[in-house]
Novice: 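Just passing along the structure, written as structure tokens.
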2 protein chains.
Amino acid sequence: MENGIANLLGALSLAVMDRIEQGAREVVGRGGETPAALIVIGYGQGMTNDKLRRILGLSHSGTVRLVDRLVSDRLVERRAGKDGREVALHLTATGAAARNELLASRISAVTSLLDVMSPAERKQLATLIRELLARQDTSEMDRFTICRMCDDRVCTNCPLPTNKGQHAR
Amino acid sequence: MENGIANLLGALSLAVMDRIEQGAREVVGRGGETPAALIVIGYGQGMTNDKLRRILGLSHSGTVRLVDRLVSDRLVERRAGKDGREVALHLTATGAAARNELLASRISAVTSLLDVMSPAERKQLATLIRELLARQDTSEMDRFTICRMCDDRVCTNCPLPTNKGQHAR
DNA sequence: CCAGATATGTGCGCTACGCACATATTTCTG
DNA sequence: CAGAAATATGTGCGTAGCGCACATATCTGG
């Protein structure tokens with residue numbers, strides 16, 4: 001059946017995310033979108049509450065409370081934004097350290113599944129996944145959403161297309 | 001960088017699970033492990049509360065409450081088990097229908113990401129993922145956990161080291 | 001200069017889950 | 001074969017994470 005591949009990818013994705021989420025919970029002591037929020041804020045482009053909300057796919061109030069948790073955990077600070085309405089989210093030193101741990105934990109979780117493959121197989125798989133992602137029809141915000149856990153220290157050449165509405169940002 | 005592949009697989013897995021979970025929530029109106037529970041119970045080997053708990057990776061009480069929700073939604077029935085202590089979980093007709101919808105939604109979600117690939121690329125990817133899964137060092141319960149969302153109507157040849165109908169108590 | 005858009009914060013409730021405890025049934029001893 | 005331990009389920013209570021509706025502050029365009 002042609003759907004066999006869909007089922008296999010579904011199973012693999014579940015296994016991958018189980019491991020990533022377990023590691024993330026151990027590192028930051030929180031679940032849900034909180035780990036992703038820490039990573040996204042760490043990208044450092046003067047993240048606002050509202051932008052974060054759209055990237056994480058949460059409601060507005062859910063995002064405010066999520067940031068409340070990060071602030072009470074001393075991982076994030078709310079600073080004044082350019083616009084008097086906006087809040088600029090910044091990582092504290094502790095937050096930046098936690099973020100690095102989080103990224104390392106994620107890479108390690110995925111690597112532990114991948115290291116049964118030979119270097120040639122890994123290269124082949126990387127090429128296929130890169131193509132798969134590159135051909136997706138993703139909006140600017142979709143791209144941030146998919147990449148909300150991505151390790152910017154490792155992913156120097158993101159395959160996702162940046163041109164859906166033809167103009168970025 | 002050697003970790004590029006891990007990051008790519010992590011990003012893809014996140015995208016896949018986002019779509020699967022969104023569809024599952026639309027179908028059953030519940031999140032968390034509830035959709036997986038419906039699928040697992042539907043495998044139909046006289047599932048018990050305790051076995052379900054181990055497959056889903058939840059606490060005991062969490063599982064009891066999860067089953068409570070499924071029962072109150074008229075998707076699952078609690079029947080007497082062989083052992084006087086056990087409860088045998090069975091899908092109602094409504095539950096079986098919801099389960100089929102759920103599986104179809106999952107396959108459709110993954111397929112929508114995959115159909116940018118040519119048949120040859122899909123076949124190549126399937127072979128690699130199958131190998132990746134086949135070489136994992138998984139316990140009996142790990143396999144059920146990884147396969148807790150799997151479509152048994154589609155996955156006739158599970159690559160994980162044990163057939164899924166098998167029960168080792 | 002004021003109506004609408006934008007951005008954030010709050011009151012309130014709900015879902016999903018865990019811990020500790022209680023209860024019922026088997027199984028395993030001595 | 002009686003009692004202890006193991007197994008399986010259910011309950012009281014609390015918490016984390018999130019959404020809806022509403023309130024407030026700031027910016028923008030006619």
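No experiment lies behind these values; they were computed from the predicted model shown. Side chains are part of it too, since the values below use all heavy atoms of this structure and drop only hydrogens, waters and symmetry mates. Proteins come first, then strands; the chains are lettered A, B, ... in the order of their sequence lines, and each starts at number 1.
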Novice: Suppose the criterion is salt bridge (Lys or Arg N to Asp or Glu O under 4.0 Å): which pairs have a residue in residues 87-106 of chain B, not counting sequence neighbours?
Specialist: B:Arg99-B:Asp152

Novice: Checking side-chain contact (heavy atoms from CB on, under 4.5 Å) against B:Ile39, which of B:Leu91, B:Leu102, B:Asp151 comes through?
Specialist: B:Leu102

Novice: Just to be sure I understand the geometry, which residues of residues 82-92 of chain A put a non-hydrogen atom under 4.0 Å away from DNA chain C?
Specialist: A:Arg85, A:Glu86, A:Val87

Novice: Please enumerate all residues that pass side-chain hydrogen bond (donor to acceptor under 3.5 Å, both in side chains) together with A:Arg135, with sequence neighbours excluded.
Specialist: A:Glu131, B:Glu121

Novice: Would you kindly give the CG-to-C1' distance between B:Asp68 and C:dT15, to the nearest whole Å?
Specialist: 13 Å

Novice: Using a 4.0 Å heavy-atom cut-off, does B:Arg78 contact any base of the nucleic acid, only the sugar-phosphate backbone, or nothing at all?
Specialist: sugar-phosphate

Novice: Go through the structure and list residues passing side chain to side chain contact (heavy atoms under 4.5 Å, CB included) with B:Arg130, not counting sequence neighbours.
Specialist: A:Leu8, B:Asn157, B:Pro159

Novice: Could you give the NZ-to-P distance, from B:Lys51 to D:dT7, as a whole number of Å?
Specialist: 15 Å

Novice: Nearest-Å distance, CZ (A:Arg79) to C1' (C:dT8)?
Specialist: 18 Å

Novice: Sequence neighbours excluded, which residues qualify as salt bridge (Lys or Arg N to Asp or Glu O under 4.0 Å) partners of A:Glu77?
Specialist: A:Arg79

Novice: Is there a path of hydrophobic side-chain contacts, each under 4.5 Å between heavy atoms of I/L/V/M/F/W/Y residues, joining B:Val116 to A:Leu133?
Specialist: yes

Novice: Summarise how protein sits on nucleotides 14-22 of chain D as a single string, 5' to 3': B when a protein heavy atom is under 4.0 Å from the base, S for sugar-phosphate-only contact, - for no contact.
Specialist: ---SSBBB-

Novice: Using every non-hydrogen atom in the two residues, find where B:Met17 and A:Gly10 come nearest and quote the distance to one decimal.
Specialist: SD-O, 4.3 Å

Novice: For the pair made of CG in A:Asp50 and C1' in D:dC27, what is the distance, rounded to whole Å?
Specialist: 14 Å

Novice: Does CZ belonging to A:Arg78 count more than 12 external heavy atoms closer than 6.0 Å?
Specialist: yes

Novice: Just how far, in rounded Å, is C1' of C:dT25 from CG of B:Asn49?
Specialist: 15 Å

Novice: Round to a whole Å and report the spacing from CG of B:Leu52 to P of D:dA8.
Specialist: 13 Å

